[in-house]
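Working notes for the structure below.
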Amino acid sequence: MKTDRSDILTCLRNSEDYVSGQQLCDRLGVSRTAVWKVMKQLKEEGYRIESVPSRGYRLVESPADVYSESEIASRLHTKWAGRRLIYFDSTGSTNPDAKRFAEEGAPHGTTVVADRQTAGRGRRGRAWESPAGNSVYFTIVIRPAFVPDKASMITLVMALSVAEAIHGVTGLDTGIKWPNDIVVNGKKVVGILTEMSMTPEMNEIQFLVAGVGVNVNQESAEAFPEELRGTATSLKIESGRQIDRAALLARILEQFETDYGTFEQTLTLSALKERYESRLAGRDAAVRVLDPAGEYTGISRGITDTGELVVEKENGERVPVYAGEVSVRGLYGYI
Ligand code: BTN
């Protein structure tokens, strides 16, 4: 019933004209009764579906911000990203869920989505507050055919895809705080947590999971924990508009599928670098590099083909800064 629902909604959404009950039955191999039951259920949930006896069904309007497996699936036009979709109203954290599914053999692109997380995780062992109803939390399983030292670039690819997808859906000017926070007007709207699982011999990647949290429809700063109010924001606060989460997630997955494909061709960021740099927050501005071997100040100039930040020191020397080893702070504000 669940997949019938997704398939029927997808068919309705993708056809401009009426779709007859018979067409739906033939295309999806389901019975007339199954089609009728799904239509009834969708209408009860607030979908406006017109049915004209001689012509069939037509989706006129979806209820606002429905966030469900069918709603997301019906908007996806990808080959592999999110083709297998697992949706939870509530879970601990989508990252360990995705790892578990990957261990059980889930295919490349499998995506776990939750409306709420009770144990959301951030980087550096921090928590990621994940209440229901206003955010996007998802984790995608990636089964790469490359060596572990390329893996850190995936986070930058994801950051680029998410930043551009958000821009596409909301019109907001998204920036990337290297390597992978996304900011709007100097405040954070997205966090990404990538984790890697190695083969028992520890020489190959078994799979990666990239977890993304987007602050979407929080109404005001009060929606965030007190300590984040000065540095976090949401797409709604910045754009003044309610954003459809299913449409946004579908757009992110589509963009990521394309960008990952580009990355895979060279296993470098060479073909994505220009776009990434055009969104790099604090480019050509002063940064402080908190290197355990000695802190220094310089000017952020861009990234290398392999994703390091290029910092120009006071003596003019340009050095690559590796994510993970050091942290970089803008000299002015959060960025
Ligand atoms: C950060 O600290 O900036 C990273 C935050 C990552 C949050 C996302 S939400 C979906 C996925 N599940 C988690 O528990 N964390 C990631």
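Ligands are counted one by one from 1 in listed order, and the atoms in each one are counted from 1 as well.
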Could you see which bit of T139 sits under 4.0 Å from ligand 1, with heavy atoms only: side chain, backbone, both or neither? side chain

Looking at G120, which atoms of ligand 1 are within less than 4.0 Å of one of its heavy atoms? 14 (O)

Would you say E226 has more than 12 foreign heavy atoms packed within less than 6.0 Å of its CD? no

For atom 15 (N) of ligand 1, what's the nearest protein heavy atom and its distance? R121 O, 2.7 Å

Note the single closest protein heavy atom to atom 3 (O) of ligand 1, along with its residue, its atom name and the distance in Å. K188 NZ, 2.7 Å

Need the ligand 1 atom indices (1-based, order shown) with element for anything under 4.0 Å from a heavy-atom of S93. 12 (N), 13 (C), 14 (O)

Atom 5 (C) of ligand 1: closest protein heavy atom, distance to 0.1 Å, is W128 CE3, 3.4 Å

Take D259 and S161, measure what side-chain hydrogen bond (donor to acceptor under 3.5 Å, both in side chains) needs, and give me the verdict at the end. CA-CA 7 Å; D259 294 338; S161 307; 2.8 Å; yes

I need the nearest protein heavy-atom contact for atom 1 (C) of ligand 1: residue, atom name and distance, please. R123 N, 3.5 Å

Any donor-acceptor N or O pair under 3.5 Å, side chains E314, T297: no

Within the structure provided, determine whether L248 and V216 are in side-chain contact (heavy-atom separation under 4.5 Å). yes

Compute the centroid of each ring, for F263 and then for F146, and state whether the two points are separated by less than 6.0 Å. yes

Check: W36 ring centre within less than 6.0 Å of Y57 ring centre: no

Where does the angle between the aromatic ring planes of H108 and Y260 fall among parallel (under 30°), tilted (30 to 60°) and perpendicular (over 60°)? tilted

Can you pull out the closest protein heavy atom to atom 12 (N) of ligand 1? Residue, atom name and distance to 0.1 Å, please. Q117 OE1, 2.9 Å

Numbering as shown, the atoms of ligand 1 that approach F138 to under 4.0 Å (heavy-atom distance): 10 (C)

Give the atoms of ligand 1, by number and element, whose distance to some non-hydrogen atom of G122 is under 4.0 Å. 1 (C), 2 (O), 4 (C), 5 (C)

Under 4.0 Å from a heavy atom of T94: which atoms of ligand 1 are those, numbered in the order shown and with their elements? 10 (C), 11 (C), 12 (N)

Of V183, L235, I176, I182, the residue whose pairing with V190 passes side chain to side chain contact (heavy atoms under 4.5 Å, CB included): I182

